[in-house]
Number of protein chains: 2
Amino acid sequence: MKKRITIIEDNASIREGFSAVLDTIEKYKVMNLYSNCEDALTNLDQDQPDVVLMDIELPGMDGIAGTIRIKKQLPNCIVLIITVLEDSEKVFRSLCAGAGGYIVKNSNLSEIVQNIDEALAGGAPMSLSIARMVVQSFRQQQDSPLTDREIQVLQSIAEGKSYSKIALDLYVSKETIRSHIKNIYRKLEVSSKADAIKIANSNKWVTGRSL
Amino acid sequence: MKKRITIIEDNASIREGFSAVLDTIEKYKVMNLYSNCEDALTNLDQDQPDVVLMDIELPGMDGIAGTIRIKKQLPNCIVLIITVLEDSEKVFRSLCAGAGGYIVKNSNLSEIVQNIDEALAGGAPMSLSIARMVVQSFRQQQDSPLTDREIQVLQSIAEGKSYSKIALDLYVSKETIRSHIKNIYRKLEVSSKADAIKIANSNKWVTGRSL
DNA sequence: TTTAAAATCCCCCAATATGGGTGATTGATT
DNA sequence: AATCAATCACCCATATTGGGGGATTTTAAA
């Protein structure tokens, strides 16, 4: 069964270039080419793509919003973001939107084909630097002024637990938790949960995520 | 300058196998082989490795704890986890510990070399399925019973903000926030911040992280 | 070994936050 | 016409929070 591909890219020559190359590949079938998300979305049911090559900068709805819409309608469709620059904010938002990979536009066409193959094989094609960024986003800071116990308490605070609940979970008195909090506030020079969480998050002292 | 590599792996034949192959490569210099983290750590200053190939199951200190120690001492050292199975919990904890990649042991030796090259070139070598897992960990759920506004409020709650603070941020009355909270609790069938956050986190309705 | 830091616990106090209830209004969307 | 989303209001009782004093024990470092 040929893999169905649609391309959303406003630059006509790039669009046609991708299409021309992909059309020569046996296992691919280019369904349609679009210069904007709106048109692509109206034809999504007919196209039923397995893979969408999506430009991120588009007139009207941008590639990120488009990705969200596509994934909502076709959850198993793999959306690969094609872009010129590796803007970390856009990468992040694309991944949150459900993009299956993030590949750079200036790669040569054979690389693009490789990337599509990789995505279809169950992978997540990314440039080296993006892969590094993504992996490093998990990295927790080692150098924190807080002790392990304080981090543990702050983590619980970030989970929305009350002092009493934390005390129960850690098998200590509520007063102990209050002490830890006071020390945390003093060290971070804040005086509220929200401020402490903000600092802990930006420094990655607390997780908030899993695989 | 040759890249300095150390190998930590308790299985002698695998350890020697890696070493033998890597030693034939011009650009690499295998500094030392260890069967446990403890020995490797005592020699870390002498070895000064650019790359550590780290087994995850080890006698004594395991590979994850070892990774944390190594990164603390040599922050620029790249630790590549080598393992037989892709346990998502271990993958996650390895990445949090600062691992630069996660490669499977049964790959053939030329793949290992490729992976090391990729890591040194600024990438994050991973198997296809792990890359997919990692990327999907960013994915936010589209199907939530909550409205956009409610998600927004819940997100703020997860950031530790009080109702009043949220009200200020969203330019509405505190009573409005309370209304949203009540609706959120009703929809999620909970009656506390902590429970609501737990559900929102496990369903990835809130972010909590960036790149 | 002296010192410092971490982790544990206790009391007081006042202001704020929270959760539940019962409403109402406006504007979309269907 | 009916539903839902978003907005706002008031009542009430309890829980939580932040800040101020302390204290003890264990552990780690100087």
Side-chain angles (χ1 to χ4, degrees), chain A residues 41-42 68-69 72-73 141-201 203 205-206, chain B residues 41 61 65 68-69 72-73 141-201 205-206:
Chain A
L41 284 166
T42 58
I68 294 174
R69 298 287 209 84
K72 196 170 288 187
Q73 218 170 318
Q141 210 84 21
Q142 323 276 225
D143 56 307
S144 155
L146 305 182
T147 67
D148 290 351
R149 196 56 156 175
E150 284 161 358
I151 298 249
Q152 202 176 8
V153 170
L154 191 46
Q155 171 76 54
S156 304
I157 291 286
E159 284 160 11
K161 294 178 185 169
S162 69
Y163 296 177
S164 337
K165 174 82 174 113
I166 300 171
L168 282 174
D169 291 354
L170 300 184
Y171 304 107
V172 294
S173 144
K174 188 200 311 198
E175 288 303 318
T176 301
I177 302 301
R178 282 170 50 69
S179 278
H180 287 310
I181 302 274
K182 287 173 194 171
N183 288 327
I184 292 168
Y185 285 5
R186 185 174 41 73
K187 287 181 181 177
L188 303 186
E189 299 179 85
V190 298
S191 55
S192 74
K193 296 196 284 185
D195 290 336
I197 292 173
K198 201 191 303 170
I199 292 182
N201 267 325
N203 290 89
W205 296 331
V206 295
Chain B
L41 284 166
M61 186 188 304
I68 293 175
R69 299 286 209 87
K72 197 170 290 187
Q73 219 170 316
Q141 210 83 24
Q142 323 275 243
D143 54 309
S144 155
L146 305 181
T147 67
D148 289 349
R149 197 56 157 174
E150 285 161 357
I151 298 258
Q152 203 176 7
V153 170
L154 192 45
Q155 172 76 53
S156 303
I157 291 285
E159 285 161 10
K161 293 179 184 167
S162 68
Y163 295 178
S164 334
K165 174 79 176 123
I166 300 171
L168 283 174
D169 291 355
L170 300 183
Y171 305 106
V172 295
S173 142
K174 188 199 315 197
E175 287 304 316
T176 302
I177 302 301
R178 283 167 49 68
S179 277
H180 287 310
I181 302 274
K182 288 172 193 170
N183 287 328
I184 291 168
Y185 285 5
R186 185 175 38 74
K187 287 181 181 177
L188 304 185
E189 299 179 87
V190 297
S191 54
S192 73
K193 296 196 285 186
D195 289 338
I197 292 174
K198 200 191 303 172
I199 292 182
N201 267 324
W205 295 331
V206 292

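Computed from a predicted structure; not experimentally measured. Letters A, B, ... mirror the listed sequences (proteins, then strands); counts begin at 1.
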Participant: Check the distance between C:dG19's P and B:Lys174's NZ and give it to me in whole angstrom.
Facilitator: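 Spelled out: NZ on B:Lys174 to P on C:dG19 is 13 Å.
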
Participant: Before you tell me yes or no, could you show the steps for B:Arg149 and B:Val172 under side chain to side chain contact (heavy atoms under 4.5 Å, CB included), namely the whole-Å CA-CA distance, both residues' side-chain angles and the distance that decides it to 0.1 Å?
Facilitator: CA-CA 12 Å; B:Arg149 197 56 157 174; B:Val172 295; 3.8 Å; yes

Participant: Measure across A:Trp205 and A:Ile151 and return the closest heavy-atom pair with its distance rounded to 0.1 Å.
Facilitator: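 Scanning both residues completely, I find the closest heavy atoms to be O-CG2, 3.4 Å.
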
Participant: Let me confirm one number: the CZ-CG distance from B:Arg186 to B:Asn183, rounded to the nearest 0.5 Å.
Facilitator: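 That separation rounds to 4.5 Å.
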
Participant: Please state how far atom CD in B:Glu150 lies from atom P in D:dT7, giving the value in whole angstrom units.
Facilitator: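 One finds 10 Å between P of D:dT7 and CD of B:Glu150, rounded.
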
Participant: Which value, rounded to the nearest 0.5 Å, describes the distance between A:Ser192 atom OG and B:Lys165 atom NZ?
Facilitator: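 Here the interatomic distance stands at 9.0 Å.
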
Participant: Please give me the minimum heavy-atom distance between A:Ile197 and B:Gly160, naming the atom from each residue.
Facilitator: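 Closest heavy-atom pair between A:Ile197 and B:Gly160: CD1-CA, 3.6 Å.
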
Participant: What residues in residues 157-171 of chain B put a non-hydrogen atom under 4.0 Å from any atom of DNA chain C?
Facilitator: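 Output list: B:Ser162, B:Tyr163, B:Ser164.
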
Participant: So, the side chain of A:Glu159 versus the backbone of A:Ser156: is there a donor-acceptor pair under 3.5 Å, distance only?
Facilitator: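 No; zero donor-acceptor contacts below 3.5 Å.
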
Participant: For A:Gln152 and C:dA6, what is the distance between atoms CD and P respectively, to the nearest whole Å?
Facilitator: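 Interatomic distance, CD of A:Gln152 to P of C:dA6: 15 Å.
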
Participant: Please say whether more than 12 non-hydrogen atoms of neighbouring residues, nucleotides or ligands are located less than 6.0 Å from NZ in A:Lys187.
Facilitator: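 More than 12 heavy atoms, drawn from other residues, nucleotides or ligands, come within 6.0 Å of this atom.
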
Participant: Main chain of B:His180, side chain of B:Tyr185: is a donor-acceptor contact present, judged purely on distance under 3.5 Å?
Facilitator: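 Answer holds: no.
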
Participant: Which residues within residues 176-199 of chain A lie with some heavy atom under 4.0 Å of an atom in DNA chain C?
Facilitator: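 Contacts with DNA chain C under 4.0 Å: A:Thr176, A:Arg178, A:Ser179, A:His180, A:Lys187.
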
Participant: Look at the side-chain N and O atoms of A:Thr147 and state whether any lies under 4.0 Å from the OP1 or OP2 oxygen of C:dA5.
Facilitator: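 For C:dA5, neither OP1 nor OP2 has a side-chain N or O of A:Thr147 closer than 4.0 Å.
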
